[in-house]
Amino acid sequence: MEFTASQIASFIDGKIIGDESTLITGVSPIEQGESGHLSFIAQDRFSHYLDTSKCSVIIVSENLLTKDTYNPTIIAVKDAYLSFQVLMNLYQEMQGRKQGVEEGSSIHDTAVIGDGVYIGAFTYVSEKAKIGEGSQIYPQVYIGKGVKIGKNCKIDSGARIYDYCIIGDNCVIHSNTVVGGDGFGFQPTADGFKKIPQLGNVIIEDDVEIGSNCSIDRATIGSTIIGKGTKIDNLIQIAHNVKIGQNNVIAAQAGIAGSTTIGDWNQIGGQVGVVGHIKIGNQVRIQAQSGVNSSVNDKETLYGSPAISYNDYLRNYVHFRNFTEIVNRINNLENTSKDKTNE
């Protein structure tokens with residue numbers, strides 16, 4: 001697609017500095033700008049690219065502009081990062097949605113398929129499954145018995161949605177994620193570990209996005225729940241009967257053990273481990289690679305393993321880095337004290 005600088009500015013309520021007829025045919029990161037491409041600058045550390053970038057048009061946060069003229073055409077906005085997101089969303093919408101059922105897919109006679117749904121080749125839709133209008137089910141997806149998928153969802157290739165799981169509206173599930181696999185439930189006996197049947201399901205509420213290669217286990221009984229607006233990165237394990245509230249973000253390789261409850265608006269860093277049967281409050285921040293082994297109050301920031309207050313961790317770490325020197329100083333003081341005692 002081709003756009004002029006003037007057209008782009010109209011989408012984001014921007015002010016043009018330069019040639020409004022400049023034509024754009026693509027986008028580039030600001031560090032790798034190309035002629036005919038669009039990019040953005042939202043932070044002062046990238047401001048030098050205003051004079052060196054080869055991009056033809058740059059969207060810039062207005063507080064970063066210090067001159068009246070620049071070599072590229074400038075679109076000045078209040079927040080360049082947010083404006084660029086608006087443009088990307090508009091561009092994605094312009095690509096259109098696929099519709100219809102591709103050859104090679106299999107849909108059970110009792111499944112209910114809404115209007116405008118796309119089902120890709122070699123996808124299997126089981127009995128009594130329901131798919132809401134406008135949803136996009138890409139090739140090689142498995143949708144189990146009695147599954148309910150809401151409106152305008154996107155399920156990428158290779159995802160597996162097991163029996164009786166429920167997915168709300170406007171959800172995205174990326175490739176190779178499994179929703180509703182058995183929880184890790186085994187009872188030790190004299191003869192070994194006996195499997196405990198996992199009879200519940202998974203409920204994913206509206207506006208949730210789940211990355212690739214995640215596992216969200218069904219509940220033993222009841223439901224594992226992912227709350228509205230929560231965003232889950234790649235390679236994450238969420239165990240049976242976990243309940244995650246609204247608008248959480250969870251970074252890659254985190255793991256949450258069974259029956260833990262997580263509140264709203266939390267930020268959980270990469271490779272965080274959370275033990276089972278605890279409660280994490282609201283607006284909690286857990287730094288990457290932390291291990292959480294007890295319940296957490298609202299608005300805490302944690303770091304370390306076991307995780308403690310982030311500020312306490314930083315103060316203690318200063319001492320840890322100097323630990324050898326501190327020990328040597330103590331030994332020297334003890335030796336000096338002994339010498340004086342023996343005199």
Side-chain angles (χ1 to χ4, degrees), residues 124 126-129 140-149 155 158-167 173-205 208 210-227 230 232-245 248 250-263 266 268-281 284 286 288-296 302 304-308:
Y124 184 86
S126 301
E127 60 186 292
K128 299 182 179 179
Q140 298 182 331
V141 169
Y142 172 79
I143 297 174
K145 180 179 179 181
V147 166
K148 295 179 181 178
I149 297 174
I155 313 296
R160 304 289 185 262
I161 316 298
Y162 286 15
D163 294 355
Y164 301 110
C165 291
I166 299 172
I167 298 171
I173 298 176
H174 289 276
S175 293
N176 300 320
T177 280
V178 176
V179 176
D182 279 358
F184 193 60
F186 296 90
Q187 177 66 36
T189 72
D191 299 322
F193 288 91
K194 301 299 182 183
K195 185 176 179 65
I196 299 170
Q198 304 294 294
L199 305 178
N201 71 345
V202 174
I203 297 175
I204 296 173
E205 297 180 353
V208 169
I210 300 170
S212 60
N213 297 296
C214 296
S215 292
I216 302 177
D217 294 343
R218 69 176 51 247
T220 306
I221 54 174
S223 299
T224 301
I225 299 174
I226 311 297
T230 287
I232 295 173
D233 199 358
N234 307 321
L235 296 164
I236 285 174
Q237 160 69 19
I238 296 174
H240 57 187
N241 292 93
V242 167
K243 291 178 173 56
I244 296 177
N248 293 277
I250 305 175
Q253 298 184 346
I256 301 169
S259 298
T260 280
T261 298
I262 296 175
N266 297 295
I268 298 177
Q271 296 185 332
V272 165
V274 181
V275 302
H277 300 272
I278 65 171
K279 182 176 181 180
I280 293 175
V284 172
I286 305 173
Q289 295 189 328
S290 295
V292 182
N293 62 5
S294 60
S295 293
V296 181
L302 305 180
S305 185
I308 60 174

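Not measured: the values here are computed from a predicted model.
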Inset, instruction - For residues Ala288 and Val272, report the shortest heavy-atom separation together with the two atoms involved. - result: CA-CG2, 4.2 Å
Inset, instruction - For side-chain contact (heavy atoms from CB on, under 4.5 Å), just list the numbers for Ile286 and Val296, CA-CA rounded to whole Å, side-chain angles, deciding distance to a tenth of an Å, and then say yes or no. - result: CA-CA 10 Å; Ile286 305 173; Val296 181; 5.5 Å; no
Inset, instruction - Determine yes or no for a side-chain-to-main-chain donor-acceptor pair under 3.5 angstrom, with Asn241 supplying the side chain and Ile221 the backbone. - result: yes
Inset, instruction - Show the numbers, then the answer: is there a side-chain contact (heavy atoms from CB on, under 4.5 Å) between Ile238 and Val202? - result: CA-CA 11 Å; Ile238 296 174; Val202 174; over 6 Å; no
Legend entry - Residues forming a side-chain contact (heavy atoms from CB on, under 4.5 Å) with Asn176, sequence neighbours excluded: Asn213
Inset, instruction - Look at the aromatic rings of Tyr124 and Tyr142 and report parallel, tilted or perpendicular, splitting at 30° and 60°. - result: parallel
Legend entry - Check: Asn248 main-chain N/O paired with Thr230 side-chain donor or acceptor under 3.5 Å: yes
Inset, instruction - Pick out which of Asp217, Thr220, Asp182, Thr224 makes a side chain to side chain donor-acceptor pair (under 3.5 Å) with His240. - result: Thr220
Inset, instruction - Check whether any side-chain N or O of Asn266 sits under 3.5 Å from a backbone N or O of Val284 as a donor-acceptor pair, and report yes or no. - result: yes
Inset, instruction - Please report the shortest heavy-atom distance between Ala257 and Ala239, naming the atom on each side. - result: C-CB, 3.7 Å
Legend entry - N/O donor-acceptor pair under 3.5 Å between Arg218 side chain and Asp163 backbone: yes
Inset, instruction - Specify the closest pair of heavy atoms between Asn201 and Tyr164, including all atoms of both residues, with the distance to one decimal. - result: ND2-O, 3.0 Å
Inset, instruction - Look up atom NE2 in His174 and atom CD1 in Ile155, then write down how far apart they are to the nearest 0.5 Å. - result: 10.0 Å
Legend entry - Considering all heavy atoms, the nearest Ser305-Gln289 contact: CB-O, 4.5 Å
Legend entry - Under 3.5 Å: donor-acceptor pair, side chain of Ser290, backbone of Gly304: yes
Inset, instruction - Using modelled atom types only, decide if a donor and an acceptor are shared between the side chain of Gln198 and the backbone of Ile196 within a distance under 3.5 Å. - result: yes
Inset, instruction - Report the distance from atom OG of Ser175 to atom CG of Asn234, rounding to the nearest 0.5 Å. - result: 10.0 Å
Legend entry - Distance-only donor-acceptor check, side chains Asp233 and Gln253, under 3.5 Å: no
Legend entry - Value rounded to 0.5 Å, distance of OG1 in Thr261 from CD1 in Ile256: 10.5 Å
Inset, instruction - Go through the steps for Val242 and Val274 under the test side-chain contact (heavy atoms from CB on, under 4.5 Å), then give the verdict. - result: CA-CA 11 Å; Val242 167; Val274 181; over 6 Å; no
Legend entry - Gap between atom NZ of Lys148 and atom NZ of Lys128 - 0.5 Å precision: 11.5 Å
Inset, instruction - Would you give the length of the straight line joining atom SG of Cys165 to atom CD1 of Ile143, rounded to the nearest 0.5 angstrom? - result: 11.5 Å
Inset, instruction - Give the C-alpha distance, both sets of side-chain angles, the deciding distance and a yes or no for side-chain contact (heavy atoms from CB on, under 4.5 Å) between Val147 and Val179. - result: CA-CA 11 Å; Val147 166; Val179 176; over 6 Å; no
Inset, instruction - State, to 0.1 Å, how close Gly270 and Ala251 come at their nearest heavy-atom pair, and which atoms those are. - result: N-CB, 3.4 Å
Legend entry - Nearest-0.5 Å distance, CD1 of residue Ile225 to CD1 of residue Ile204: 11.0 Å
Legend entry - Thr177 side chain to Gly211 backbone, donor-acceptor under 3.5 Å: yes
Inset, instruction - Using atom types as modelled and distance alone, determine if a side-chain donor or acceptor of Ser295 lies under 3.5 Å from a backbone N or O of Lys279. - result: yes
Inset, instruction - Look only at the side chain of Thr260 and the backbone of Val275, and say whether a donor-acceptor pair between them is shorter than 3.5 Å. - result: yes
Inset, instruction - Using atom types as modelled and distance alone, determine if a side-chain donor or acceptor of Ser223 lies under 3.5 Å from a backbone N or O of Gly200. - result: no
